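Small disclaimer: the values here were computed from a predicted structure and weren't measured.
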Protein chains: 2
Amino acid sequence: MSKKPITMDDVARLANVSKPTVSRALGGHPNVKPKTREKILAVAREHGYAVNRNAKKLREKYTNTIAVILDFSSHRRHRITDPFIFELLAGVSEALSIRKQDLLLSPPTLSDANSHRELVSGRVVDGFIFLGQGANDAMFNELVKKDVPIVVWGGNTQATKYCTVGSDNFLGGFLAGERFVQHSKKNILFVGNTEHIELRLRREGLEKALSTADYPYTLSELQGEDFSFSAHYEAMAQLLKNSPAPDAIFAYSDTAAMAIINALNEHGLEPIKDYMLVGYNDIAQASHFSPRLTTIRQDTFLAGALLVEKFMAVLNDNSPMSSTIPTDLIVRNT
Amino acid sequence: MSKKPITMDDVARLANVSKPTVSRALGGHPNVKPKTREKILAVAREHGYAVNRNAKKLREKYTNTIAVILDFSSHRRHRITDPFIFELLAGVSEALSIRKQDLLLSPPTLSDANSHRELVSGRVVDGFIFLGQGANDAMFNELVKKDVPIVVWGGNTQATKYCTVGSDNFLGGFLAGERFVQHSKKNILFVGNTEHIELRLRREGLEKALSTADYPYTLSELQGEDFSFSAHYEAMAQLLKNSPAPDAIFAYSDTAAMAIINALNEHGLEPIKDYMLVGYNDIAQASHFSPRLTTIRQDTFLAGALLVEKFMAVLNDNSPMSSTIPTDLIVRNT
DNA sequence: TAAAACAATGAAATCGATTGCAAAAATCAC
DNA sequence: GTGATTTTTGCAATCGATTTCATTGTTTTA
């Protein structure tokens with residue numbers, strides 16, 4: 001650490017060639033005599049030479065680094081509770097490493113478009129992958145207007161100006177609703193904040209399916225104060241005190257579903273027998289909770305791959321279409 | 001994105017000063033006339049100027065970027081299942097952002113010391129924070145020998161040559177054992193791989209506490225094939241088939257604990273009545289599982305802060321002592 | 001008011017790579 | 001063996017900042 005690392009000039013001297021030749025040899029340029037290349041590689045390896053990436057990035061157009069932003073803002077002052085976002089992160093990380101791109105995990109920069117743009121004009125990163133759309137629609141549109149390359153995990157509508165990758169939210173909602181109708185559920189509860197595009201779409205899908213029912217039903221809505229377990233637990237407990245218990249629940253995440261089940265549980269209600277519940281995401285914990293959660297699955301590795309693929313397309317100025325990943329209902333014990 | 005961003009030279013010209021003056025004004029150097037500084041800042045802001053960080057890093061000694069390595073290697077080909085590691089990541093992320101350090105989330109580089117060192121000599125990062133010690137003790141020692149700044153989340157012994165931050169594993173084990181003895185548990189099961197330093201220490205603590213019992217007891221050990229839910233579920237189910245059920249269990253993580261409880265559950269055993277269980281980490285889910293888990297708490301935000309603090313000390317060549325964070329038993333319904 | 005002291009600014013070198021262009025070396029054709 | 005091609009190689013410019021040192025401008029002091 002203390003002593004200065006060896007430079008390309010040093011390698012050139014040691015291999016009796018010039019700096020540009022070393023650069024070409026290491027960069028895999030075709031016009032280098034095989035024998036020369038070998039000698040250079042040998043010297044480089046022997047002395048543990050590594051290209052100074054800052055010098056390289058200064059000269060080149062791309063930084064090959066992509067900032068990934070978790071939607072911490074929804075979790076401020078709370079412990080991060082939803083493992084789904086991290087499964088997604090793992091998927092993106094994997095996909096980026098395959099493409100030899102570095103992943104800068106960005107702090108929650110207070111949804112400020114300018115500070116994001118500075119990372120790009122400061123050549124820190126080539127652009128952003130946002131894992132979570134939250135209520136930042138306006139900021140995303142602003143970033144696009146400023147020519148900042150972004151891709152967002154979330155839902156999209158006609159009004160969406162940026163590229164998104166997400167589950168087929170409408171279908172997800174529809175599948176849940178279909179299940180409820182099949183079992184003649186009448187008192188349906190939608191858990192989630194429909195200001196989020198994704199959740200609005202899910203609710204629309206849910207409504208579409210419910211509308212096929214040939215019997216009367218009610219549909220109500222519940223939101224937690226924030227995204228924490230306890231907020232949902234309490235909101236549900238409160239609801240059970242004041243209103244008749246729903247016989248079908250569609251929760252926007254498995255994590256929320258768990259909190260809600262706890263509340264139902266303490267209220268003496270049993271899954272299937274008293275209520276039916278569909279969660280969302282199929283996180284690893286979903287099939288190991290008791291009861292095992294019925295939920296909508298999203299393949300996070302595929303999601304990661306797709307997010308990265310779209311991002312690269314954005315970077316190369318082909319405006320890629322937004323797209324969705326397969327979205328399936330996984331029936332378990334709720 | 002397409003058009004070239006404005007440079008410091010441009011700002012200098014626009015503000016009618018020279019480049020060095022701009023550099024000093026932006027860098028907060030004292031020897032700049034307030035009026036000049038203001039004008040420069042105004043021009044910079046107006047044109048959305050951002051310092052090219054690669055040029056800056058090329059010139060300066062530090063990159064102000066730290067690589068954080070998740071112990072993906074234990075999860076290869078499996079979905080990431082333990083939220084604890086991510087709570088830890090959130091803690092580190094928070095601490096780094098406070099110090100204005102960038103976080104490079106590194107891909108699982110196959111426990112190869114050289115590839116890690118290249119990131120440092122290539123001036124990509126200043127060093128590493130490893131979240132998870134796994135069986136990489138040898139590699140960590142090698143990195144230290146190569147003067148690569150590292151800090152590791154994990155346990156340490158006399159033989160440990162690198163700086164660690166972790167829970168007080170011996171104490172954690174001791175607290176669990178103490179509880180078991182208080183309730184006169186006789187057939188104790190330790191779940192975890194004692195090749196990991198942390199888990200070895202926990203087991204030692206457990207043994208120490210058990211040795212105070214004034215009655216005979218047995219202590220056995222169980223490991224899953226890997227870190228997944230199902231591996232632990234199956235290992236436990238298998239054990240229950242072949243041996244008498246333990247009346248006390250100490251699991252190395254809450255996640256493993258949940259899988260094990262599921263197996264016990266399906267075997268008709270009930271917590272407290274039939275067995276006592278202590279998990280580890282107190283992840284957000286622990287208090288919302290049913291039954292609510294008794295576990296050993298670790299404060300991940302504090303952990304993050306400490307990891308970063310130690311890292312900075314390592315970077316500045318003061319060899320900081322390894323240290324532990326407060327470690328408490330949280331009693332719930334197991 | 002001139003000399004000394006200090007504050008503010010600028011010229012030029014530097015960090016360590018990549019790349020366009022020109023020169024040198026190697027290969028080919030006859 | 002000579003001239004025409006084609007490969008390889010090297011020179012020098014460039015990317016965009018920071019920093020040392022010298023210089024100019026401004027105060028202070030006697």
In whole Å, what is the span from the [atom1] atom of [X] to the [atom2] atom of [N]?
| X | N | atom1 | atom2 | result |
| --- | --- | --- | --- | --- |
| B/Ile40 | C/dG10 | CD1 | C1' | 12 Å |
| A/His47 | C/dG16 | NE2 | C1' | 18 Å |
| B/Arg123 | C/dG16 | CZ | P | 8 Å |
| A/Asp9 | D/dG10 | CG | P | 12 Å |
| B/Lys61 | C/dT14 | NZ | C1' | 17 Å |
| A/Arg37 | D/dT7 | CZ | P | 15 Å |
| B/Lys35 | C/dA7 | NZ | C1' | 16 Å |
| A/Leu58 | D/dC15 | CG | C1' | 4 Å |

Does any N or O in the side chain of A/Asp126 come within less than 3.5 Å of the main-chain N or O of A/Asn64, such that one atom is a donor and the other an acceptor?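 At least one qualifying donor-acceptor pair exists.
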Quick one: does any side-chain atom of B/Asp299 pair with a main-chain N or O of B/Phe301 as donor and acceptor, under 3.5 Å?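 Pair found, side chain donor or acceptor close to backbone of B/Phe301.
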To the side chain of B/Tyr49, which of D/dA17, C/dG10, D/dT9 is closest?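 For B/Tyr49, the side-chain atoms sit closest to D/dA17.
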B/Met8 side-chain proximity, nearest of D/dA17, C/dG10, D/dG10: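 The nucleotide sitting nearest to the side chain is D/dA17.
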Counterpart residues, ring pair (Phe, Tyr, Trp, His ring centres under 6.0 Å), relative to B/Phe311 (two or more places apart):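 With neighbours one apart ignored, the set is empty.
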B/Phe128: what forms a ring pair (Phe, Tyr, Trp, His ring centres under 6.0 Å) with it, not counting sequence neighbours?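 Per chain and number, B/Phe128 pairs via ring pair (Phe, Tyr, Trp, His ring centres under 6.0 Å) with B/His116, B/Phe130.
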Return whichever of B/Ala55 or B/Thr36 has its heavy-atom-nearest nucleotide of DNA chain C closer to the 5' end.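 Result of the comparison: B/Thr36.
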List the residues meeting salt bridge (Lys or Arg N to Asp or Glu O under 4.0 Å) with [X], not counting sequence neighbours, and say none if there are none.
| X | result |
| --- | --- |
| B/Arg13 | B/Asp10 |
| A/Lys19 | A/Asp9 |
| A/Lys56 | none |

As a test of understanding, state which of A/Leu96, A/Val92, A/Thr65 forms a side-chain contact (heavy atoms from CB on, under 4.5 Å) with A/Gln101.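 The option that passes is A/Leu96.
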Using a heavy-atom distance cut-off of less than 4.0 Å, which residues of residues 19-32 of chain B contact DNA chain D?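 Within residues 19-32 of chain B, the residues near DNA chain D are B/Lys19, B/Pro20, B/Ser23, B/Arg24.
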Throw together a table of side-chain donor-acceptor distances under 3.5 angstrom for residues 25-48 of chain A, partners on residues two or more places apart or in other chains.
residue : atom : partner : partner atom : Å
A/Arg37 : NH1  : A/Ala25 : O            : 3.2
A/Arg37 : NH2  : A/His29 : O            : 2.8
A/Lys39 : NZ   : A/Ala15 : O            : 3.3
A/His47 : ND1  : A/Val43 : O            : 3.1

Go ahead and write out DNA chain D as dot-bracket, 5' to 3': ( ) for pairs within the strand, [ ] for ones crossing earlier pairs, | when the partner sits on another strand, dots for unpaired; Watson-Crick or G-U wobble, both distances under 3.5 Å. ||||||||||||||||||||||||||||||
Residue list, side-chain hydrogen bond (donor to acceptor under 3.5 Å, both in side chains) with [X], at least two apart or on another chain:
| X | value |
| --- | --- |
| B/Ser167 | B/Asn169, B/Tyr280, B/Gln298 |
| A/Tyr162 | A/Gln133, A/Asp137 |
| B/Asp102 | B/Arg53 |

Pairwise N/O distances under 3.5 Å, protein to nucleotides 23-28 of chain C:
none

Indicate whether OP1 or OP2 belonging to C/dC15 is found under 4.0 Å from a side-chain N or O atom of A/Thr7.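 Looking at the OP1 and OP2 atoms of C/dC15, neither is under 4.0 Å from any side-chain N or O of A/Thr7.
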